[in-house]
Amino acid sequence: MSTSLPTRYDFAASEEALYAMWEDGKYFQPETTTDTDGVSFMSKPREERPDPFCVMMPPPNATGILHLGHAARMTTEDIMTRYHRMTGKPTLFLPGTDHAGIATQSKVEHILLEEEGKTRHDLGREAFLERVEAFVQDSQDTIRNQVRRTGASCDWSREAYTFSPKLNKGVNEIFARMFKDGLIYRGARSINWDPKLKTNVSDDEVEYKEEKSPFYTFQYGPFQIGTVRPETKFGDKYVVVHPEDERYAQYTHGDTFECEWINGPITATIIKDEAADPEAGTGAMTITPWHSQVDFEIAQRHNLDIEQVIDLEGKLLPIAQEFAGMPIEEARQRIVEKLEQKGLIVSIDEDYTHNVATNYRGGGVIEPQVMKQWFVDVNKPAVQVNWKPGEMLSIKEALQSAVRDEQIQILPERFNKTYFSWIDNLRDWNISRQLWWGHRIPIWYPEGAVGDETQAVLEEDKQDGVTYVQDEDTLDTWFSSMLWTFSAHGWPEETDDLEYFHPTSVLETAYDILFFWVARMILASTYARHEVPFKTVYLSGLIRDRSGAKMSKSKGNGIDPLEMIDKYGADAVRLSLIVGTTPGNDSRLYEEKIKGYRNFSTKLWNIARFILNKFPDVTAAPTPVTLADNWILSRLAAVRDDVTTGLDTYNLGVGGETLYAFAWHEVADWYIELLKDESQNDSGPVARFVLEELLKLLHPYTPFITEEIWKHLEKPEALIVTAWPTPLEQDKEVEAAFNVVTDMIEATRSIRGTLRIPAEKELTASTTADLSEEQRRAIAQLARIQFEETPREGASVIAHGRLNALTLSIEGAVDLEAERSRLTEELQNEESHSERIQKKLSNTKFVEGAPTEIVQKEREKLERAEHKIGLLKGQLEQLG
RNA sequence: GGGCUCGUAGCUCAGUUGGUUAGAGCGCCAGCUCGACACGCUGGAGGUCGGAGGUUCGAAUCCCCCCGGGCCCACCA
């Protein structure tokens with residue numbers, strides 16, 4: 001019936017063996033889920049299958065190692081996956097890795113430079129790509145093994161990679177479709193250039209950092225203009241003021257004037273535009289359209305000349321004359337010196353803070369440039385979605401509609417607001433990168449017309465007899481990861497998986513990539529498949545250290561999840577990452593926390609060890625024989641329902657905590673303590689049942705130790721595919737018996753917390769009220785206790801009894817007068833409360849105006865209040 | 001500037017739609033080497049719920065203001 005457990009749980013040995021057992025058993029594959037006749041659902045036609053559960057792993061970058069954030073992702077997704085699998089649905093957790101354009105390329109470039117002193121140009125494109133490829137393959141192996149260590153039950157037979165030939169097909173396909181629909185275009189725009197990595201990045205990849213730098217005010221003809229970037233001012237020949245600005249009312253738009261400037265006299269033109277803020281400084285500014293997005297827009301509005309001042313290396317161009325070729329920092333200083341000599345400096349504010357744009361990957365200072373790039377048009381209507389047949393939406397509208405029309409639910413809800421405001425500010429998405437590592441833009445130009453968008457064609461539109469050259473650039477890495485929910489299922493081919501598992505059930509990721517990834521997956525899926533990519537977005541918080549700081553290598557405050565798994569076991573790490581977390585909120589992690597959950601593993605192990613040793617052979621149904629049995633069964637049912645509800649509503653942390661407390665403080669500290677008494681010798685079936693149900697409920701959270709214990713129960717099936725606990729027939733009886741006891745306790749207003757009933761100690765309840773005949777009978781029956789006489793003034797004990805190891809006694813009244821006034825006061829409160837609700841409910845404006853469920857709630861409140869009034873009155877009567 | 005979020009025991013956090021005496025884990029103190037577990041058991045100390053005001057019979061919970069921390073977006077000529 002069962003084999004005994006070793007004294008200690010050797011998690012290291014168990015974890016490896018168990019994961020291998022699960023993989024060998026193909027339990028991670030949806031094909032393994034069968035109907036009651038043992039027929040795989042996946043072998044049946046689509047209409048005969050139940051609704052599946054599918055979650056896509058956010059693919060870790062193929063650059064190295066698994067960090068704590070990844071481990072948290074895996075755990076959260078795996079808990080959902082394992083739960084749904086146990087409910088009998090075909091379940092798919094699809095793993096994979098991301099080629100991560102910028103991150104990977106710069107990492108390999110860095111290694112190359114460090115180890116061989118070479119740049120990627122020394123190697124050439126092809127050789128460099130081979131190097132990256134080798135590096136990635138190596139990293140992927142590491143990642144795969146690390147993911148396994150977390151216990152993630154993902155289907156490795158379906159593993160995907162964002163840069164595989166298969167997914168490349170998907171990228172080319174969607175590019176081609178969007179290109180033909182006019183959603184992708186090439187044009188010269190102001191873009192964010194990173195001179196360090198020599199590529200441009202999208203608006204979302206720009207991270208602003210606060211910095212202190214001198215703020216100069218210069219004399220510019222009759223105007224005074226301010227800047228922190230004197231080095232960009234060579235090309236400035238326009239002064240912009242607000243049309244309503246009184247100070248400059250004497251000038252009209254288009255007026256010109258001569259003035260002395262850095263390299264001699266220039267002619268400047270006055271532009272009136274509302275972009276100039278009269279409140280800021282002097283209200284007048286010069287503009288540098290080539291190197292500022294805002295200025296670029298002003299220039300476009302008025303059709304002004306734009307000139308490049310700084311090159312792609314971050315050095316000044318010949319327009320700067322004597323300063324040409326200088327890097328920015330040096331030039332800035334020299335220019336200030338020169339302007340000072342010319343007497344054109346009005347003031348210098350050394351204490352000025354402003355925001356500097358940097359590349360969030362790699363941290364180079366962004367220099368806006370005007371360049372021809374590929375963009376996705378977010379305003380052109382070209383998207384059809386299946387929940388709004390016949391309408392043609394723009395990308396912006398489709399993104400909004402998916403959430404606004406409740407096709408997608410974002411958890412926590414407050415992120416809706418963030419999401420919508422991001423869309424409101426969304427500009428055309430720059431998708432081309434000057435990197436080598438990535439999906440190459442599937443566009444060809446006739447030789448000699450490279451970069452000319454008017455002659456750009458797709459592969460399929462190449463003409464015979466013309467020699468073509470492919471676009472040099474690659475695509476933003478998010479352009480491929482946005483396809484993840486469907487390209488990983490084989491899109492553009494209509495595979496069975498794609499049809500069955502898409503839209504996926506839930507997308508779990510940290511909130512910091514809501515824009516980068518989540519929004520763009522919605523973009524891709526609505527455009528390419530007319531449906532949403534997932535029904536629910538579960539946004540996790542970030543993991544921080546004990547003091548709330550972000551974990552990072554440079555700070556040295558990071559915790560290596562693998563090291564922790566080695567030390568405390570995967571189950572402990574999983575619990576520490578999930579208990580106490582709620583969607584969208586950051587959580588803190590430190591070693592003691594993990595240690596605490598390792599202790600829990602040991603506790604669970606010993607619970608099992610005790611029960612299996614005491615009751616090795618049990619076949620009978622779990623029929624309660626004592627009050628304690630009843631109690632634990634009814635608590636188990638409540639815990640089961642709480643945990644199930646928690647998992648269904650994505651309250652994973654609460655479920656874990658509930659189980660932790662139940663197992664430790666109720667099963668171990670209370671129930672098992674009672675089991676030690678020989679009068680509980682018939683409780684084997686209940687004890688075994690409690691253990692088994694507990695293991696099932698805990699399995700999604702702590703898969704390894706529960707499966708290991710399960711092995712000793714000698715069951716026909718592995719725990720991983722055992723059916724999730726559901727309500728039992730006998731729940732009702734157990735519940736009824738439990739209610740009698742709790743009612744009794746309620747009536748005697750006793751024991752708060754209810755379950756801390758130590759063995760061999762008294763269960764006490766103080767009361768002034770007598771128990772009803774019915775309650776006495778029930779208690780007497782369950783607890784086999786004898787009642788003494790009715791309460792008398794000052795009596796200390798009105799009932800006393802003993803149930804096996806459990807002594808139950810009910811204390812009598814001490815101060816009838818105090819009790820009377822307390823009850824009276826409470827009654828008054830309750831009555832006025834009920835009056836207030838009645839008043840509210842007699843208000844027709846409220847009843848007709850408020851939502852029905854609110855009114856309903858008020859009615860329920862009233863009922864409760866009146867019930868309580870009845871109780872209180874009864875109690876008062878009994879006091880006389 | 002716009003928005004979000006947090007402030008509860010020494011530390012990390014729970015506290016459902018307002019409802020008896022505000023909870024847990026760790027830490028601390030006292031006592032337990034009784035055959036599941038010292039990665040343990042039993043008990044205990046410790047909180048004017050950031051501050052002030054308001055609504056209410058009743059506020060950690062709802063509203064206003066203030067203080068302090070974190071985050072996102074816009075923008076800084």
Side-chain angles (χ1 to χ4, degrees), chain A residues 5 7-9 204 208 210 215-218 224-229 232-233 236 239-240 275-277 280-288 292 294-295 298 352-356 412 414-415 417-418 421-422 424-425 511-512 514-515 541-542 544 546-550 568 572 579-582 584-590 592-593 595-614 651 653-654 657 660-661 664-665 668-669 672-673 675-676 749 752-753 756 758 761 822 825-826 828-836 853-854 857-858 860-861 864-865 868:
Chain A
L5 269 63
T7 331
R8 291 233 156 221
Y9 171 49
D204 290 298
Y208 290 94
E210 208 166 75
F215 180 82
Y216 305 95
T217 304
F218 299 131
Q224 291 184 351
I225 54 140
T227 186
V228 285
R229 302 204 53 194
T232 63
K233 294 289 156 194
D236 292 11
V239 178
V240 183
D277 178 6
T282 59
M285 62 178 179
T286 60
I287 55 169
T288 315
S292 154
V294 178
D295 294 359
I298 296 172
Y352 183 79
T353 52
H354 69 135
N355 283 334
V356 177
R414 66 181 133 91
F415 279 97
K417 215 164 182 169
T418 319
S421 73
W422 176 78
D424 291 341
N425 293 316
Y511 63 74
D512 59 348
L514 176 62
F515 309 141
L542 308 174
R544 296 168 178 283
R546 187 170 197 129
S547 55
K550 265 190 181 175
Y568 300 110
V579 172
T581 67
T582 44
N585 291 334
D586 295 350
S587 59
R588 303 181 184 199
L589 189 73
Y590 37 87
E592 294 97 294
K593 212 170 185 172
K595 205 167 164 183
Y597 290 110
R598 186 272 320 267
N599 295 354
F600 174 71
S601 296
T602 310
K603 194 71 188 176
L604 186 64
W605 185 257
N606 281 297
I607 290 172
R609 215 149 71 83
F610 178 87
I611 292 178
L612 296 189
N613 284 342
K614 177 151 173 139
N651 286 307
V654 178
E657 206 171 345
Y660 175 97
W664 200 314
H665 300 303
D669 289 354
I672 285 189
E673 287 304 319
L675 286 182
K676 286 178 179 169
R749 291 199 325 281
R752 285 179 301 116
R756 286 193 163 270
K761 287 207 175 155
R822 196 190 63 77
E825 197 190 325
E826 203 173 316
Q828 280 167 357
N829 281 348
E830 213 50 60
E831 278 173 347
S832 75
H833 184 211
S834 129
E835 262 171 50
R836 253 192 27 261
E853 64 263 28
I854 300 278
K857 264 184 190 162
E858 287 299 315
E860 282 163 19
K861 269 186 182 171
R864 278 203 300 268
K868 208 164 173 191

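The shown structure was predicted, so the numbers you read here are calculated from the model rather than taken from an experiment.
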At under 4.0 Å, does any side-chain N or O of [X] touch on OP1 or OP2 of [N]?
X        : N     : answer
A:Arg588 : B:U12 : yes
A:Lys417 : B:C4  : yes
A:Trp664 : B:C41 : yes
A:Asn599 : B:G40 : yes
A:Lys595 : B:G25 : no

Could you check how far [atom1] of [X] sits from [atom2] of [N], rounded to whole Å?
X        : N     : atom1 : atom2 : result
A:Glu657 : B:A14 : CD    : C1'   : 6 Å
A:Arg414 : B:U5  : CZ    : C1'   : 6 Å
A:Leu542 : B:G70 : CG    : C1'   : 11 Å

Is any side-chain heavy atom of [Y] closer than 4.5 Å to one of [X]?
X        : Y        : value
A:Asp669 : A:Lys603 : yes
A:Tyr9   : A:Leu604 : no
A:Phe610 : A:Leu675 : yes
A:Phe600 : A:Trp664 : yes

Task: Quiz item: A:Asn355 side-chain donor-acceptor pair to B:C75 base, under 3.5 Å - done: yes
TODO: Kindly say whether, by distance alone, the side chain of A:Arg598 makes a donor-acceptor pair under 3.5 Å with the base of B:C39?
DONE: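 When only heavy-atom distances are counted, A:Arg598 does reach the base of B:C39 through a donor-acceptor pair under 3.5 Å.
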Task: Intra- and inter-strand pairs of RNA chain B in dot-bracket (Watson-Crick or G-U wobble, both distances under 3.5 Å; | for another strand) - done: (((((((..((((.....[...)))).(((((.......))))).....((.((..]....)).)))))))))....
- [ ] Would you check if the side chain of A:Ser587 reaches a backbone N or O of A:Thr581 as a donor-acceptor pair within less than 3.5 Å?
- [x] no
- [ ] To the nearest 0.5 Å, tell me how far A:Met285 CE sits from A:Thr227 OG1.
- [x] 11.5 Å
Task: Out of B:U42, B:G3, B:C37, whichever nucleotide has its closest atom nearest the side chain of A:Thr602 - done: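 From the listed options, B:C37 comes nearest.
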